[in-house]
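Everything quoted here is computed from the prediction, not taken from an experiment.
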Amino acid sequence: MSIYKSDFLNTLDERGFIHQISNPEKLDALCAAGPITGYVGYDATATSLHIGNLISLTMLYWLQQTGHKAITLMGGGTSMVGDPSFKDDQRKLLGPDEINRNIEGIKKIFSRILTFGDGPQDAIMVNNADWLMNLKYVDFLRDVGRHFSVNRMLSFDSVRLRLDREQSLSFLEFNYMIMQGYDFVELNQRHNCVLQMGGSDQWGNIINGVDLSHRMGGDQLFALTTPLLTTSSGQKMGKTVNGAVWLNEDLFSPYDFWQYFRNTEDADVEKFLKIFTRLPLREIAKIVGADINEAKKILATEATAIIHSRSAAEQAEATARATFEQGALDLSLPTVEVSRSELNAGMGVLAAFVRANLAASNGEARRHIKSGAMRINDVQATDERATIGENDILPEGVIKLSVGKKRHALLRVT
């Protein structure tokens with residue numbers, strides 16, 4: 001039984017979202033008394049969010065679904081600096097044009113999760129560049145900077161671990177936590193926002209905002225973080241052999257997204273159903289208590305439907321069924337185009353698998369061959385020096401490449 005009275009915290013608790021809350025009793029009472037406003041910040045460091053961001057986005061979803069107002073804060077200003085939290089090196093510095101392009105790519109996903117509009121409980125999107133880029137440096141130091149203790153800032157894990165490794169932390173990066181803390185105060189003043197949420201690695205940055213509001217004589221603010229999500233085998237959630245699991249389909253296809261969840265480890269299925277789907281908890285318990293493989297398919301379909309639409313999820317499931325259960329060639333598998341002239345010039349097997357995103361490098365493709373995992377048109381590839389040519393093109397105009405039993409792609413010859 002949940003210890004919380006408010007629908008919002010009760011929902012997050014039951015679904016496994018809560019790691020830390022700065023003042024749980026007061027926040028719970030505030031949520032139970034009426035609508036509050038909460039936010040999550042997203043720096044524009046790439047053209048898409050990844051699956052790790054989906055956790056905080058889902059918390060905003062439940063915030064809105066339980067009667068409260070959600071804010072998605074785009075880090076147009078903070079992205080100019082870069083969050084140093086738990087990073088060994090300084091992030092690449094981005095310019096305004098690249099940041100704006102990234103923001104446009106990221107925006108695509110928000111409306112699939114939240115309802116935006118002008119209503120009292122509709123979500124809004126704001127950009128911290130609106131206030132950070134217009135600050136006067138000396139005024140900011142006097143009005144805001146004086147409230148930050150360097151001694152305390154050095155004690156945060158995100159900073160201390162960097163220094164313990166004797167890795168440089170620039171003055172630019174050190175200012176990031178001041179900027180994020182100021183964001184919280186600014187959102188409180190502009191939108192009556194009282195809650196900031198994020199991953200557990202953001203605890204120190206969020207608490208800075210809570211403390212800053214107190215020191216500046218502002219409202220009582222609250223911090224809520226979710227646990228760092230790892231698989232039962234100890235791996236960080238959202239990583240594949242080819243990199244991050246992106247939410248935008250141009251970087252990570254709906255089929256690959258579906259397959260990622262279909263390959264969930266048995267011990268993680270119930271946890272992921274609670275976090276990444278909207279199925280009722282009683283239904284989740286029944287699903288997990290039946291057939292674990294069917295539960296994985298339901299997890300994959302429900303998670304994919306949220307991000308890529310129900311039709312895309314059903315298509316991905318149908319493709320997987322045709323490929324794995326019926327042994328058919330499904331033309332909706334992830335596809336990469338290659339020209340006939342390029343093929344005739346002699347495309348090496350290793351290069352082909354890298355091109356199809358089934359291997360990150362020639363070395364990885366070579367290891368797949370040595371382990372017997374690589375197949376071309378369902379025939380095992382054994383010679384790393386072989387090439388792919390006209391004779392490999394199937395009647396459908398494609399060449400099917402596979403690594404193991406679950407990873408497939410097509411080269412479409414144009």
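- The closest side-chain donor-acceptor pair between Thr37 and Asn192, if any, does not fall under 3.5 angstrom.
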**Request:** Please report the C-alpha distance between Tyr39 and Asp183 in whole Å, then the side-chain angles of each, then the deciding distance to 0.1 Å, and finally whether the side-chain contact (heavy atoms from CB on, under 4.5 Å) criterion is met.
**Result:** CA-CA 10 Å; Tyr39 89 99; Asp183 281 346; 4.1 Å; yes

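- With respect to Asp256 and Arg407, no salt bridge is recorded, no charged nitrogen being found less than 4.0 Å from a carboxylate O.
- In plain terms, the two heavy atoms of Phe252 and Ala244 that are nearest each other are CD1-O, 3.9 Å.
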**Request:** Kindly indicate, with the supporting measurements, whether the criterion side-chain contact (heavy atoms from CB on, under 4.5 Å) is fulfilled by Lys69 and Ile124.
**Result:** CA-CA 8 Å; Lys69 190 176 186 69; Ile124 60 173; 4.0 Å; yes

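- Counting all heavy atoms, side chain and backbone alike, Thr226 lies closest to His19 at C-CB, 3.5 Å.
- Separation of atoms CG (Leu212) and CD (Glu186) is listed at 10.5 Å; rounding is to 0.5 Å.
- Taking 4.5 Å as the limit, some side-chain heavy atom of Asn362 sits within range of a side-chain heavy atom of Val354.
- Between Asn263 and Lys296 there is no side-chain heavy-atom pair separated by less than 4.5 Å.
- A heavy-atom distance below 4.5 Å is found between the side chains of Val269 and Ile292.
- Looking only at distances, a side-chain donor or acceptor of Ser361 sits under 3.5 Å from a matching main-chain atom of Glu364.
- Remark: Asp291 pairs with Asn293, Glu294 by the side-chain contact (heavy atoms from CB on, under 4.5 Å) rule, at least two apart or across chains.
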**Message:** Checking Ile399 against Leu410 for the side-chain contact (heavy atoms from CB on, under 4.5 Å) test, could you report, in this order, the C-alpha distance in whole Å, the side-chain angles of both residues, the deciding distance, and whether it holds?
**Reply:** CA-CA 6 Å; Ile399 301 171; Leu410 301 177; over 6 Å; no

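- Shown here are the side-chain contact (heavy atoms from CB on, under 4.5 Å) partners of Leu279, two or more places apart in sequence or in another chain: Leu273, Thr277, Glu283, Ile284, Ile287, Ile298, Glu302.
- With rounding to the nearest 0.5 angstrom, the CE atom of Met179 is 9.0 Å from the CE atom of Met80.
- The minimum heavy-atom distance between Leu57 and Tyr42, with the atom names listed, is N-OH, 3.3 Å.
- Side chains of Asp122 and Thr115: a donor-acceptor N/O pair is absent below 3.5 angstrom, by distance only.
- Using a 4.5 Å cut-off on side-chain heavy atoms (C-beta onward), Leu224 and Leu9 make contact.
- The main-chain N or O of Lys400 is found under 3.5 Å from a side-chain atom of Asn377 such that the two form a donor-acceptor pair.
- Residues Thr319 and Gln315 bring a donor and an acceptor atom of their side chains to less than 3.5 Å of each other.
- Put simply, the side chain of Asp219 never gets that close to the backbone of Asn188: no donor and acceptor are under 3.5 Å apart.
- Note that OG1 of Thr72 is 11.5 Å distant from CD1 of Ile113, once rounded to the nearest 0.5 Å.
- Without hydrogens or angle criteria, Arg215 side chain to Val144 main chain gives no donor-acceptor distance under 3.5 Å.
- Inter-residue side-chain proximity for Leu114 and Leu60 is flagged as met; some heavy-atom pair is nearer than 4.5 Å.
- With values rounded to the nearest 0.5 angstrom, His308 atom NE2 is found 14.0 Å from Tyr255 atom OH.
- Annotation for Trp203 and Ile21: closest pair CH2-C, 3.8 Å, computed over non-hydrogen atoms.
- Contact of the Val413 side chain with the Val338 side chain is registered, since non-hydrogen atoms from C-beta on lie closer than 4.5 Å.
- With Asn53 contributing its side chain and His50 its backbone, the two residues share a donor-acceptor pair below 3.5 Å.
- Leu221 approaches Cys193 most closely through the heavy-atom pair CD2-O, 3.6 Å.
- The salt bridge (charged side-chain N to carboxylate O under 4.0 Å, His left out) with Glu104 is formed by just one residue from the set Lys107, Arg101, Lys108; it is Lys107.
- Screening His368, Arg375, His408 for a side chain to side chain donor-acceptor pair (under 3.5 Å) with Ser402, the sole residue that qualifies is His408.
- For Phe261, the ring pair (Phe, Tyr, Trp, His ring centres under 6.0 Å) partners at least two apart in sequence or on another chain are Phe257, Phe276.
- Below 30°, between 30° and 60°, or above 60°: for Phe116 and Phe110 the angle between ring planes is between 30° and 60°, a tilted geometry.
- The CD1 atom of Ile18 sits 10.5 Å away from atom CE of Met197, with the distance rounded to the nearest 0.5 Å.
- The shortest heavy-atom contact between Pro254 and Ala316 is O-CB, 4.1 Å.
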**Request:** Could you give me the CA-CA distance, side-chain angles and deciding distance for Ile51 and Ile307, then say whether side-chain contact (heavy atoms from CB on, under 4.5 Å) is met?
**Result:** CA-CA 10 Å; Ile51 202 170; Ile307 300 302; over 6 Å; no

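- Taking 4.5 Å as the limit, some side-chain heavy atom of Arg15 sits within range of a side-chain heavy atom of Leu281.
- Under 3.5 Å, the side chains of Gln196 and Gln202 contain no donor-acceptor pair of N or O atoms.
- A donor-acceptor pair under 3.5 Å links the side-chain atoms of Ser48 to the main chain of Asn248, judged by distance alone.
- Not a single donor-acceptor pair under 3.5 Å links the side chain of Asp28 to the backbone N or O of Pro24.
- Under the 3.5 Å distance criterion, the side-chain polar atoms of Gln64 are matched with a main-chain donor or acceptor of Gln121.
- Remark: His214 NE2 is loosely packed, at most 12 non-hydrogen atoms of other residues, nucleotides or ligands lying under 6.0 Å away.
- For the side-chain contact (heavy atoms from CB on, under 4.5 Å) with Met74, the qualifying choice from Ile103, Asp43, Val126 is Ile103, the only one to do so.
- Counting only N and O atoms by type, the side chains of Asp7 and Trp62 include no donor and acceptor under 3.5 Å apart.
- Counting only N and O atoms by type, the side chains of Thr301 and Glu317 include a donor and acceptor under 3.5 Å apart.
- Between Tyr4 and Leu12, every side-chain heavy-atom pair lies at or beyond the 4.5 Å cut-off.
- Put simply, the side chain of Asn208 never gets that close to the backbone of Gln180: no donor and acceptor are under 3.5 Å apart.
- Here Leu411 contributes atom CG and Leu358 contributes atom CG; the two are 8.5 Å apart, rounded to the nearest 0.5 Å.
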